[in-house]
Each structure stands twice: as C-alpha cells, then as structure tokens.
Amino acid sequence: MDNASTKDPRAADIADFLTFDMKLEIVVIPVTDVDRGTLFYIKLGWQLDLDYSEADDYRAIQFTPPGRDAQSCSVKT
C-alpha cells in the first residue's frame with residue numbers, strides 16, 4: 001500500500017484553501033532623528049508619500065522605493 005492511496009482526498013482542497021498570497025507592504029523603522037532619516041531616503045531617490053505629525057513627540061514619514069507604488073511597498077520612519 002503506497003501513501004497516495006491512503007491520503008485523504010480532501011487534503012488538496014484544504015491545502016488550496018489555506019494557501020494565500022502574502023506581501024510585505026509596509027516596514028516601520030524607528031529612528032532617533034526623523035529629519036536625518038528623511039534626507040537619507042531622499043538621497044536614495046525614494047518618493048516621499050507622507051509626512052505626518054500628530055504631536056511634538058510623534059512624526060511619521062512614509063517613502064516608496066523607485067519603481068513601486070505605495071500599495072506594493074513602503075517604508076515608514
């Protein structure tokens with residue numbers, strides 16, 4: 001008796017159901033100097049998507065690398 005004949009026929013259906021496309025869309029990188037981090041990514045030629053400040057102690061900057069759109073890959077500092 002080989003393994004193929006003992007497998008549950010629903011196993012392939014379950015494997016297909018549990019398989020889905022995963023993408024890394026945003027990477028958050030904490031920095032101590034946001035202005036210096038911003039300049040770093042600007043010098044790399046990355047596109048500035050967002051510069052948001054909610055309070056004096058919180059600021060979020062979002063960049064997208066060349067050749068990508070903001071939905072496919074972004075870096076927040």
Side-chain angles (χ1 to χ4, degrees):
M1 179 182 280
D2 65 28
N3 286 341
S5 63
T6 61
K7 287 185 179 178
D8 186 340
R10 298 171 293 171
D13 293 336
I14 293 170
D16 288 342
F17 176 76
L18 295 176
T19 303
F20 54 93
D21 189 22
M22 293 178 51
K23 296 179 181 174
L24 180 63
E25 294 183 9
I26 295 178
V27 176
V28 178
I29 303 172
V31 297
T32 55
D33 187 341
V34 177
D35 291 325
R36 186 174 172 207
T38 301
L39 186 59
F40 173 79
Y41 287 104
I42 288 173
K43 286 182 177 182
L44 287 179
W46 290 31
Q47 174 187 331
L48 176 63
D49 299 321
L50 173 75
D51 187 345
Y52 173 77
S53 180
E54 184 174 309
D56 291 338
D57 61 344
Y58 178 80
R59 185 171 168 201
I61 310 294
Q62 180 174 327
F63 285 93
T64 301
R68 300 286 186 167
D69 59 30
Q71 286 74 35
S72 66
C73 180
S74 294
V75 172
K76 286 189 178 185
T77 61

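Everything numeric in this text was worked out from a predicted model, so none of it was measured. When reading the values below, keep in mind they use all heavy atoms of this one structure, side chains included, and skip hydrogens, waters and symmetry mates.
Proximity of a side-chain donor or acceptor of S53 to a complementary backbone N or O of Y58 within less than 3.5 Å is detected.
Contact detail for P66 and G45: the closest heavy-atom pair is CG-O, 3.7 Å.
Of the inter-residue distances, the one linking F63 atom CZ with I29 atom CD1 reads 11.0 Å to the nearest 0.5 angstrom. Annotation: the span from L39 atom CG to I61 atom CD1 amounts to 12.0 Å, rounded to 0.5 Å. Summarising the geometry, atom CG belonging to L48 is positioned 9.0 Å from atom CD belonging to Q62; distances are rounded to the nearest 0.5 Å.
Under the 30°/60° scheme for interplanar angles, the aromatic rings of Y41 and W46 are found to be tilted.
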